[in-house]
Amino acid sequence: MVRETNRHFKFDWITIILFLLLVGFGWLNIFSASHTGETIDYFDLSQPYGKQLIFILLTFGLIILILSVEAKFYERFSSIIYIISMVSLVGLFLFGKNVNGATSWYAIGGMTLQPSEFAKAATALAVAKYISDLNTDIKQLKDQLQTFTIIIIPALLVLLQNDTGSTVVYGAFFFVLYREGLPKIFLTLGVVVIFLSLFSLKFGFLITTIIAAISIVALYFLSKKKPPIVMSLIALLLCMGLSFSVKFFYQDILKPHQQDRISLWLRLEKDPEKLEQMKKTFAYNLNESEKAISSGGISGKGFLEGTRTTGKFVPEQHTDYIFSTVGEEWGFIGSALVVVTFVLLLLRILHLAELQKSQFSRVYGYGVASIIFMHFLINIGMVMGLIPTIGIPLPMFSYGGSGLWAFTFLLFVFIKLDSNRINEW
């Protein structure tokens with residue numbers, strides 16, 4: 001690590017302030033969700049709020065370290081950072097600690113470290129490095145496959161650790177590739193795959209095949225340039241294969257609790273009694289979260305005044321369901337302000353990304369925005385019951401040292417790259 005001298009830097013304080021607002025307000029809600037009502041010791045390491053405060057204080061040291069390193073370091077050593085990150089993921093299969101069915105943590109003394117959180121930032125650096133290479137053309141199939149490989153390797157390693165939620169986040173890199181010129185056909189195929197998958201689970205193989213056939217025939221007649229009939233037949237066969245594969249994956253690959261969460265979300269269960277039992281067993285957190293949010297009304301019940309929060313009705317409320325604390329104690333107004341803060345942060349990152357003179361910095365900036373957006377979208381949607389519960393923390397907000405440090409590293413590396421923009425030609 002080399003400290004830069006005789007160079008000019010201008011850190012984007014808007015981004016830094018938005019980050020600090022999210023971290024600070026997040027801690028207040030972690031405090032509310034985890035305090036016991038007894039004498040308060042803010043540094044009580046037996047309580048989540050005490051641990052999180054220590055994590056936050058250590059975060060400032062991490063920020064200083066990140067901003068002290070030469071900006072070009074992150075580009076030059078991005079491949080090494082990626083390899084180290086992949087090795088740390090592989091090491092979990094030998095030395096990892098199993099928590100809630102997922103082998104995603106290293107036990108270090110009395111603390112745990114989750115390398116999958118840092119792997120997202122490492123992958124963003126590796127993707128930016130590869131795409132910005134002079135010999136890379138993302139419109140070429142060879143380079144597309146190599147880029148997909150960089151993304152798929154950590155996604156598969158995380159999936160094998162039974163951490164489905166973190167695996168889904170890697171889909172965020174699609175936005176990055178699309179911005180850099182990935183052909184629109186991939187966007188079309190992505191939308192088609194999602195809809196066919198949902199239709200297959202909801203309506204079955206036969207109805208999905210009929211819908212696909214009707215759509216292909218309609219597209220054939222509406223197209224000015226008629227594709228060969230053979231291509232249309234191949235497209236239909238691929239749709240049928242996808243539909244069958246999704247059903248097979250759902251029934252034979254996913255574990256029972258994962259099937260039940262999807263079943264509840266899509267209302268697949270027809271037996272009223274079994275559906276009610278599933279709600280009590282697998283949707284308890286969600287039901288209590290929704291009750292907490294709705295009870296907050298417009299302005300909320302007030303800080304430390306949320307009855308469902310102080311009563312610990314929502315299990316693990318300080319982690320994945322932290323937004324329910326915001327809804328109950330700060331109401332619609334507070335919830336809206338949190339959402340607006342996230343949106344402003346995302347827009348600011350995208351704005352800065354477009355200002356970059358270096359393609360590496362631009363691609364990485366889009367990677368940062370995409371990862372934060374995916375976490376934000378999934379967590380808020382999960383807490384409100386709009387998508388299945390898959391265990392995704394709210395960035396800079398939920399409890400956890402690994403998540404906080406990983407997002408700090410992810411964001412402040414970009415802030416450092418952006419500060420070096422004035423020195424690039």
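By convention here, the first residue in the shown sequence is residue 1. What's counted below: heavy atoms across the whole structure, side chains too, no hydrogens, waters or symmetry copies. Please read all numbers here as calculations on a predicted model, not as lab measurements.
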- Could you please spell out the steps behind the ring-ring contact (aromatic ring centres under 6.0 Å, His included) verdict for Phe118 and Trp405? CA-CA 8 Å; Phe118 296 92; Trp405 295 337; 7.5 Å; no
- Query: side-chain contact (heavy atoms from CB on, under 4.5 Å) between Val69 and Phe77: does it pass, once the steps are laid out?
  - Reply: CA-CA 12 Å; Val69 174; Phe77 294 94; over 6 Å; no
- Are there more than 12 heavy atoms of other residues, nucleotides or ligands under 6.0 Å from atom CZ of Phe93? yes
- Query: Roughly how far apart are Ile322 CD1 and Phe25 CZ, rounded to 0.5 Å?
  - Reply: 9.5 Å
- Take Ser32 and Asn29 through the test side chain to side chain donor-acceptor pair (under 3.5 Å) and record every step on the way to the result. CA-CA 5 Å; Ser32 180; Asn29 286 277; 5.9 Å; no
- Any Asp320 side-chain heavy atom under 4.5 Å of Leu394 side chain: no
- Tyr399 (side chain) donor-acceptor with Gln317 (main chain) under 3.5 angstrom: no
- Message: Please determine whether a side-chain nitrogen of the Lys or Arg among Glu328 and Lys301 lies less than 4.0 Å from a carboxylate oxygen of the Asp or Glu.
- Response: yes
- Any side-chain heavy-atom pair of Phe409 and Ile63 under 4.5 Å: no
- Any Glu75 side-chain heavy atom under 4.5 Å of Lys129 side chain: yes
- Does the side chain of Leu89 reach to within under 4.5 Å of the side chain of Gln161, using non-hydrogen atoms? yes
- Tell me, which pairs form a ring-ring contact (aromatic ring centres under 6.0 Å, His included) where one or both residues lie in residues 123-144, sequence neighbours left out? none
- Task: Determine whether more than 12 heavy atoms belonging to other residues, nucleotides or ligands lie under 6.0 Å from atom CZ of Phe332.
- Result: no
- Glu180 and Arg362 ion-paired at < 4.0 Å: yes
- Task: Could you tell me the separation between the OG atom of Ser132 and the CD1 atom of Ile138, rounded to the nearest 0.5 Å?
- Result: 11.0 Å
- Salt-bridge present (Glu354, Arg179; N to O < 4.0 Å): yes
- Message: Does any part of the side chain of Leu345, heavy atoms only, come nearer than 4.5 Å to the side chain of Ile349, both counted from C-beta?
- Response: yes
- Give a yes or no on whether Lys97 atom NZ has more than 12 heavy-atom contacts from other residues, nucleotides or ligands under 6.0 Å away. no
- Query: Are side-chain heavy atoms of Leu352 and Thr15 found at a separation under 4.5 Å?
  - Reply: yes
- Run the ring-ring contact (aromatic ring centres under 6.0 Å, His included) check on Phe19 and Phe412 step by step: do they pass? CA-CA 10 Å; Phe19 167 83; Phe412 277 85; 5.0 Å; yes
- side-chain contact (heavy atoms from CB on, under 4.5 Å) between Ile415 and Ser419, worked out: CA-CA 6 Å; Ile415 290 175; Ser419 72; 5.6 Å; no
- State, yes or no, whether a side-chain contact exists between Phe31 and Pro48 at a heavy-atom distance under 4.5 Å. no
- Message: Check this for me: Phe195, atom CZ, are more than 12 non-hydrogen atoms of other residues, nucleotides or ligands nearer than 6.0 Å?
- Response: no
- Note on the structure: Partner of Phe397 under side chain to side chain contact (heavy atoms under 4.5 Å, CB included), picked from Val338, Val23, Ile30, Leu404, is Val338
- Message: Using a 6.0 Å cut-off, check whether atom CZ of Phe244 has over 12 heavy atoms from anything other than its own residue.
- Response: no
- Message: Taking the side chain as everything from C-beta on, heavy atoms only, tell me whether His375 gets closer than 4.5 Å to Phe407.
- Response: yes
